[in-house]
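Predicted, not measured: the structure shown is a model, and the values here were computed from it.
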Amino acid sequence: MAGIRSGVVSVLFVLVACFSIQQLSASDDTVFYDSFDESFEGRWTVSGKDEYQGVWKHSKSEGHEDFGLLVSEKAKKYAIVKELDEPVSLKDGTVVLQFETRLQNGLECGGAYLKYLRPQEAGWEPKIFDNESPYSIMFGPDKCGLTNKVHFIFKHKNPKSGEYVEHHLTTPPSVPADKLSHVYTAIIKPDNELIILVDGEEKKKANFLSTDDFMPPLIPAKTIPDPEDKKPEDWDERAKIPDPNAVKPDDWDEDAPMEIEDDEAEKPEGWLDDEPEEVDDPEATKPEDWDDEEDGEWEAPKIDNPKCVTAPGCGEWKRPMKRNPAYKGKWHAPLIDNPSYKGIWKPQEIPNPSFFELEKPNFEPIAAVGIEIWTMQDGILFDNILITKDEKVAQSYRETQWKPKFEVEKEKEKAEEDVPSSEGLLANVQKKIFEILYKVADVPFLATHKSKIIDLIEKAEEQPNITLGVIGSIAVIILTALFMFLFGGKKPTKVEKKPTVATEASGSGVEKKEEESEKEGSSGEKEGSSGENEKETGAAPRRRTGPRREN
C-alpha cells in the first residue's frame, strides 16, 4: 500500500514540476535558476586546480527521476562555479538565495554550502576557482566535529581601512540530521533584515547592523583600547593582602601531624596474630615442564587464608589512625583590604580609526555561484539553485520542486521504519545473544574465566561477523571449566620471571630469551581466544624472590 501511495505521489510530482517550471521560468524576478535537468557540463566550470580532485556527476536523486549535481567521492575537495549573465546588486530591494541539498549518505564531516562570488575584477577566474576566490556571501550547511550550523557569512569592505572583513551569523540554525532533501533559503531585505528558512520554516531572523547578530559586528566600536598605553609599574591590582601586623600565636604548632594513632582503640577479640593473610594454594602442583634452571625456583601461588575469613583479622594488629585535634597546619596571616588597591588596570580608550557609520551594508554584487567544499562523505546532491527578487517565487519553487520530493522520501522512510530490514533483525538477534553471554559470564564456576569471556563478547560486538566463532570459543571455555570443576586438577602456568639487577645489566642475551617467552605466551593467549588448546590453571604462581642462577 505504501508503495502505491509513493508511486502516485511521484507521478503527481513530475506533472506539477513540469507545469511549474514553465510558469516560473517566465518570471522577470528570477535572476538565476538551475534545476540540473540537463547536464552541468558546458554550463558550469569545474576548477582545474590540483587540490580539487573530487568528481562531479549529473545524477538522479535516489528514488526520484529528478536530477541534481552530485558529490560522487569521499574525502575529496570539490570546486565548481557558474557565472551569472549579469551581476546581482544586493543593495536595492529584496534578494532571495535558495537551493536544495540532499545528504544521501548522511553528513558526519563536510560542507554543503554555496558561495556567491564577487565580479572577476576582484581577482579570480573560473578555471582556478578555489577557497581564496573572493565572495560576497557564503550560505548553507556545514557539519564536522563541534561544528553543526547553517552558515551565513558575508564579507564587507571597511570604508576607512579598505579591509574586507568576514561577518558570521551568531547562533545559526543546525543542520537536519537525516538523509532527506532539504531546502535552504536566505532572504535579504532592504530594511537590513535577514531571514533564514529551512524547509520553508523560519529558523533565524537577524539585522545586519545589530551588534548581537553578527560576529564581529558590521559597525566597529567607536573607541578601542590604546595599544600604546602601558600599565604603571606601581599599579597595585591586589584587592586583598596579608595583614602585615598579624603575628602567629605562640601555641600554633605547624609541625603537628594531621593524623595520630587512636590510643582508645583495642584489638578485636579473636584476632589471629600468628596467621598470615595469604597462604600457599594446597591444590597447586608444580608443572611437569617447569625447568628450575630456566624458570627459577617454583613457588605455589597464594590464596586467601581460609582461617581469616571468619576471624576479625590476621597478622600484626596495628592501632588505626584518627584526626589529630591539635593539627592546625601552616600558619598564614589573615587577609585585609589593600589600602593601595587601584582596581584592575585597563588601557585608556581612544577613537577607533576604523570606525564608520552607515544606514545599510555596502554589499558587493554577486557575479557567480560557486560550490567549493571539502567533505568526507559522498552522495551530497545539490539541486534547484535559485536567485530571485521575489519571496513568492522562492516559495513557489519550494512547494512545487522541493516539497513533493520531500513527501515521497518521508513516506518511504516511514515504510522502512514500519518493516524492519533483515539487517535490523540480525542486529536484534545478535544483541539478544550478547545479553545472554554477559549473563553466562557471571556464573560462579566461570569466575576465573570471566574477563576472557567478556573480552570475546566485546570483540564480537565490534565485529559482528565473528559472532559464531566467538560463541564457539566461549562454549569451549565453558566445557573446559566444567570438566575442571567436576574432576579438579588445576594446573598453574608459567609466569614471567623478574630479572635481577645482574640479569638486567648482563646485556641482551637473557632479555632476548624473556622476550621470546613473552611472545610464546601471547601466542598461547591467541589460541585460547579461538577455543583451541585451552588450558585451565589456578591463580598465577608468584615470581621468585631469590637470585637467579646465571648460565
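- We find the OG-CG distance between Ser210 and Leu218 to be 10.5 Å, quoted to the nearest 0.5 Å.
- Using a 3.5 Å distance cut-off with no hydrogens or angles, the side chains of Tyr33 and Asn384 do pair a donor with an acceptor.
- Figure legend: Arg118 and Tyr164 shown as a cation-pi pair, the cationic atom lying under 6.0 angstrom from the six-membered ring centre and within 45 degrees of its axis.
- A 4.5 Å side-chain heavy-atom check between Asp92 and Pro190 finds every atom pair outside the cut-off.
- For the pair Asp243 (side chain) and Ile336 (backbone), a donor-acceptor distance under 3.5 Å is absent.
- If you look at Tyr52 and Phe129, their ring centroids are not closer than 6.0 Å.
- Each of Lys405, Gln401, Arg398 was evaluated against Glu100; a single residue qualifies, Lys405, per the side-chain hydrogen bond (donor to acceptor under 3.5 Å, both in side chains) test.
- Looking at Glu409 and His64, their side chains come closer than 4.5 Å, going by heavy atoms from C-beta outward.
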- Check against side chain to side chain contact (heavy atoms under 4.5 Å, CB included), Tyr438 and Glu458: CA-CA 10 Å; Tyr438 275 118; Glu458 290 176 346; 3.7 Å; yes
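- Side-chain contact between Leu117 and Val81 is present, with heavy atoms from C-beta onward closer than 4.5 Å.
- Side-chain polar atoms of Gln395 and Glu399 form a donor-acceptor pair below 3.5 angstrom.
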- Message: Using the rule given for side-chain hydrogen bond (donor to acceptor under 3.5 Å, both in side chains), can you reason through Glu83 versus Gln120, listing the C-alpha separation, both sets of side-chain angles and the distance that settles it, and then say yes or no?
- Response: CA-CA 10 Å; Glu83 297 179 73; Gln120 293 186 40; 2.5 Å; yes
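- Side-chain N or O atoms of Trp56 include none that pairs as donor or acceptor with a backbone N or O of Val71 at under 3.5 Å.
- Side-chain contact between Lys410 and Leu180 is present, with heavy atoms from C-beta onward closer than 4.5 Å.
- Judged by distance alone, with hydrogens and angles left aside, the side-chain atoms of Ser133 form a donor-acceptor pair with the main-chain N or O of Asp130 at under 3.5 Å.
- More than 12 heavy-atom neighbours from other residues, nucleotides or ligands sit within 6.0 angstrom of CD1 on Ile454.
- Closest approach of Ala112 and Ile373 over heavy atoms only: N-CG2, 4.3 Å.
- The main-chain N or O of Gln348 is never found under 3.5 Å from a side-chain atom of Asp226 such that the two would form a donor-acceptor pair.
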- Using the side chain to side chain contact (heavy atoms under 4.5 Å, CB included) rule, take Lys222 and Asn352 through it: C-alpha gap first, then chi angles, then the decisive distance, then the call. CA-CA 5 Å; Lys222 288 185 177 182; Asn352 184 358; 5.9 Å; no
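- Lys203 places no side-chain N or O within donor-acceptor distance of the main-chain N or O of Ile195, the cut-off being under 3.5 Å.
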- Determine, stepwise, if the pair Asp253 / Lys328 fulfils salt bridge (charged side-chain N to carboxylate O under 4.0 Å, His left out). CA-CA 7 Å; Asp253 184 2; Lys328 293 185 178 181; over 6 Å; no
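- Within 6.0 Å of atom CD in Glu51, more than 12 heavy atoms from other residues, nucleotides or ligands are found, so the atom counts as buried in its surroundings.
- Using a 30° and 60° split on the angle between ring planes, His156 and Phe356 fall in the parallel class, below 30°.
- Between the side chain of Asp199 and the backbone N or O of Val183, at least one donor-acceptor pair lies under 3.5 Å.
- Counting non-hydrogen atoms of neighbouring residues, nucleotides and ligands closer than 6.0 angstrom, the CG atom of Asp85 reaches no more than 12 such neighbours.
- With Glu237 as the partner, the salt bridge (charged side-chain N to carboxylate O under 4.0 Å, His left out) test is satisfied by one option alone out of Lys342, Lys346, Lys231: Lys231.
- Separation of the Phe67 and His58 ring centroids falls under the 6.0 Å cut-off.
- At most 12 non-hydrogen atoms from other residues, nucleotides or ligands lie less than 6.0 angstrom from NZ of Lys127.
- Checked by atom type and distance alone, the side chain of Asp213 never pairs as donor or acceptor with a backbone atom of Phe208 at under 3.5 Å.
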- Message: Using salt bridge (charged side-chain N to carboxylate O under 4.0 Å, His left out), reason through Asp191 and Lys189 one step at a time and then give a plain yes or no.
- Response: CA-CA 6 Å; Asp191 60 355; Lys189 302 178 80 68; over 6 Å; no
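- In this model, no donor atom of one side chain and acceptor atom of the other lie less than 3.5 Å apart for Tyr135 and Glu372.
- You'll find the side chain of Leu114 stays beyond 4.5 Å of the side chain of Phe139, heavy atoms only.
- Lys157 and Asn362 share no donor-acceptor pair across their side chains, judged by distance under 3.5 Å alone.
- Residues Thr94 and Lys389 are not in side-chain contact: their nearest non-hydrogen atoms beyond the backbone lie 4.5 Å or more apart.
- The 12-atom threshold is not exceeded at CG of Asp50, counting heavy atoms of other residues, nucleotides or ligands nearer than 6.0 Å.
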- Message: Leu197 vs Ile187, test: side chain to side chain contact (heavy atoms under 4.5 Å, CB included). Steps then yes/no.
- Response: CA-CA 8 Å; Leu197 309 178; Ile187 306 172; 4.0 Å; yes
- Task: Check step by step if ring pair (Phe, Tyr, Trp, His ring centres under 6.0 Å) holds for Trp402 and Tyr184.
- Result: CA-CA 10 Å; Trp402 164 75; Tyr184 299 90; 9.9 Å; no
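- Within a 6.0 Å radius of CD in Glu349, other residues, nucleotides and ligands contribute more than 12 heavy atoms.
- Although no hydrogens or angles enter the test, the distance criterion places no donor-acceptor pair under 3.5 Å between the side chain of Glu108 and the main chain of Met376.
- Side-chain atoms of Lys160 come within 3.5 Å of backbone N or O of Phe355 as a donor-acceptor pair.
- Taking the side chain as every heavy atom from C-beta outward, Val96 and Val393 never approach each other to under 4.5 Å.
- To the nearest 0.5 angstrom, Tyr116 atom OH is 9.0 Å from Ile188 atom CD1.
- The environment of Lys57 atom NZ is sparse: at most 12 non-hydrogen atoms of other residues, nucleotides or ligands sit within 6.0 angstrom.
- For an aromatic pair to be called close, the ring centres must be under 6.0 Å apart, and His167 with Phe154 satisfies this.
- The two residues Cys144 and Gly110 have their closest heavy-atom pair at CB-N, 4.1 Å.
- A donor-acceptor pair is defined here as one N or O able to donate and one able to accept, closer than 3.5 Å; such a pair exists between the side chain of Gln98 and the backbone of Ala394.
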- Item | Chi angles and distances behind the salt bridge (charged side-chain N to carboxylate O under 4.0 Å, His left out) call for Asp29, Lys392 | CA-CA 10 Å; Asp29 293 318; Lys392 291 183 179 180; over 6 Å; no
- Task: Start with the C-alpha gap between Glu62 and Lys412, add the side-chain angles, then the distance that decides, and say whether side chain to side chain contact (heavy atoms under 4.5 Å, CB included) holds.
- Result: CA-CA 11 Å; Glu62 185 178 331; Lys412 182 179 179 182; 4.2 Å; yes
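- Between the side chains of Asp390 and Thr388, no donor N or O sits under 3.5 Å from an acceptor N or O.
- Residues Lys49 and Lys77 form no side-chain contact, since every pair of their non-hydrogen atoms from C-beta on lies 4.5 Å or further apart.
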- Query: Would Lys60 and Glu65 count as a salt bridge (charged side-chain N to carboxylate O under 4.0 Å, His left out) if you check the C-alpha gap in whole Å, the side-chain angles of each, and the deciding distance to 0.1 Å?
  - Reply: CA-CA 6 Å; Lys60 289 182 180 179; Glu65 292 300 315; 2.7 Å; yes
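- For Lys403, the NZ atom is loosely surrounded, since the number of other residues' heavy atoms within 6.0 Å does not exceed 12.
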